[in-house]
Amino acid sequence: IASYRGRDFLSMNDLTGEEIEEVLDLASELKLRQKKGISTPILKGKTLAMIFSKNSTRTRVSFEVGMVQLGGYPLFITATDSQLSRGEPIADTARVLSRMVDGIMIRTYSHSEVEELAYYADVPVINGLTDYEHPCQIMADLLTIKEHKGQLRGLKVAWVGDGNNVCHSLMIGAAKVGMEVAVATPPGYEPDQKVSLIAQKETSRWGTKLLLTHNPVEAVTGADVVVTDVWASMGQEAESAERVKVFEPYQVNGELVSHAKQDFIFLHCLPAHRGEEVTAEVIDGEHSVVFAEAENRLHAQKAILTLLLG
Ligand code: CP
Ligand code: NVA
């Protein structure tokens, strides 16, 4: 446990498969304690600065509530209200905050900006979503899969849609814990090659498979877990109309999921657009666990906060 203290969590690639499993075990323990009403003030007196350059419901609430449940104090900072939007360098922000708080969570656009923040900060930096990754989401997703399936290793997860930030973190995380990973995207919307290389390396280490395809049926066939996300991420609003056309054949609907295992589960990080990337039939249907998944943001992040700041 001591080996996590002071580290950053910017990418699923910052953790080994074994470490991911350790974080999930701690998350389950913290979840159980909270359900039983046992308090865990392990971060008493600690503060977390949370910088948001994009909207959020789940990330903000889960980090804020998580810090309070651990006895700490969260500070909600929007880029707009802080000096960041008036041009204060990220490096200066990092050095100032490091002298006042015990950790920094940031949601912004560019991943390299978060890497720069982490480079200049003396306290742990946690990625609350960039254009490249959303690792906290995938910790919650893996926890949800483990809870519903009893295991991770050997399961097949299928991603259908945009090869985006959430897709990247899923590919790395799932591959590291021994899952088979299949990704179906339209041509031109494939995941980043560096991510595919990492996932490829991890799956070959386990002797599992990584499939990159343009065919959603091929990806979903035999899947234990089906995952999708919005077609236009935050910052891509101008491309929305074009993306709706390109992604239409990638909608997760009843026909598509009929190719998954009979007891598959459906995940979506939310917010969702019913009738676009997923039909109401699927997201509101009996295979969907999206609200358990959303709740698990809280439990997974409490584990991360405990390990990094504790
Ligand atoms: N899934 C997720 O990160 O949700 P928010 O954008 O509401 O934080
Ligand atoms: N891919 C989405 C995820 C939102 C939680 C986005 O970046 O907007």
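Throughout, numbering of the chain's residues begins at 1 and tracks the sequence. Remember, it's 1-based here, ligands and their atoms both numbered in the order they're listed.
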Distance under 4.0 Å to a non-hydrogen atom of L270: what atoms of ligand 1 satisfy this?
1 (N), 2 (C), 4 (O)

Taking the side chain from Q301 and the backbone from L298, do they hold a donor-acceptor pair closer than 3.5 Å?
no

Taking only heavy atoms of T57, which atoms of ligand 1 are found under 4.0 Å from at least one of them?
5 (P), 7 (O), 8 (O)

Using a 6.0 Å distance limit plus a 45 degree cone around the ring axis, check whether K54 lies over the aromatic ring of Y109.
yes

Any nitrogen or oxygen of P271, side chain or backbone, less than 3.5 Å from one on ligand 2?
no

Electrostatic pair E19:R7 at N-O distance under 4.0 angstrom:
yes

Taking the six-membered ring of F76 (Phe, Tyr or Trp), confirm whether the NZ or CZ of R60 is under 6.0 Å from its centre and within 45° of its axis.
yes

For atom 8 (O) of ligand 2, closest protein heavy-atom neighbour:
M234 N, 2.8 Å

Which of the numbered atoms in ligand 1 are under 4.0 angstrom from any heavy atom belonging to H134?
2 (C), 3 (O)

Any N or O of S233 closer than 3.5 Å to N or O of ligand 2
yes

Using a strict cut-off of 4.0 Å, indicate which atoms of ligand 2 neighbour a heavy atom of N164.
1 (N)

Should the proximity of N165 to ligand 2, defined as any heavy atom under 4.0 Å, be assigned to the side chain, the backbone, both, or neither?
side chain

Using distance alone, decide if ligand 1 has a nitrogen or oxygen within less than 3.5 Å of any nitrogen or oxygen in R60.
no

In terms of atom number and element, which parts of ligand 1 are under 4.0 angstrom from non-hydrogen atoms of C269?
1 (N)

Using distance alone, determine whether D229 and ligand 2 share an N or O pair under 3.5 Å.
yes

Between R58, R107, H268, K54, flag the one that comes closest to atom 6 (O) of ligand 1 by a heavy atom.
R107

Is W159 close to D229 at the side-chain level, that is, under 4.5 Å between some pair of heavy atoms?
yes

More than 12 heavy atoms of other residues, nucleotides or ligands under 6.0 Å from CD of E18: is that the case?
no

Examine F264 together with H287 and report whether their ring centres are nearer than 6.0 Å.
yes

Write down the atom of F247, the atom of G161, and the distance for their closest heavy-atom approach.
CE2-C, 3.5 Å

Salt-bridge present (R297, D141; N to O < 4.0 Å):
no

Which residue and atom name correspond to the protein heavy atom nearest atom 2 (C) of ligand 1, and how close is it?
R297 NH1, 3.3 Å

Location of contacts on L129 toward ligand 2, heavy atoms closer than 4.0 Å:
side chain

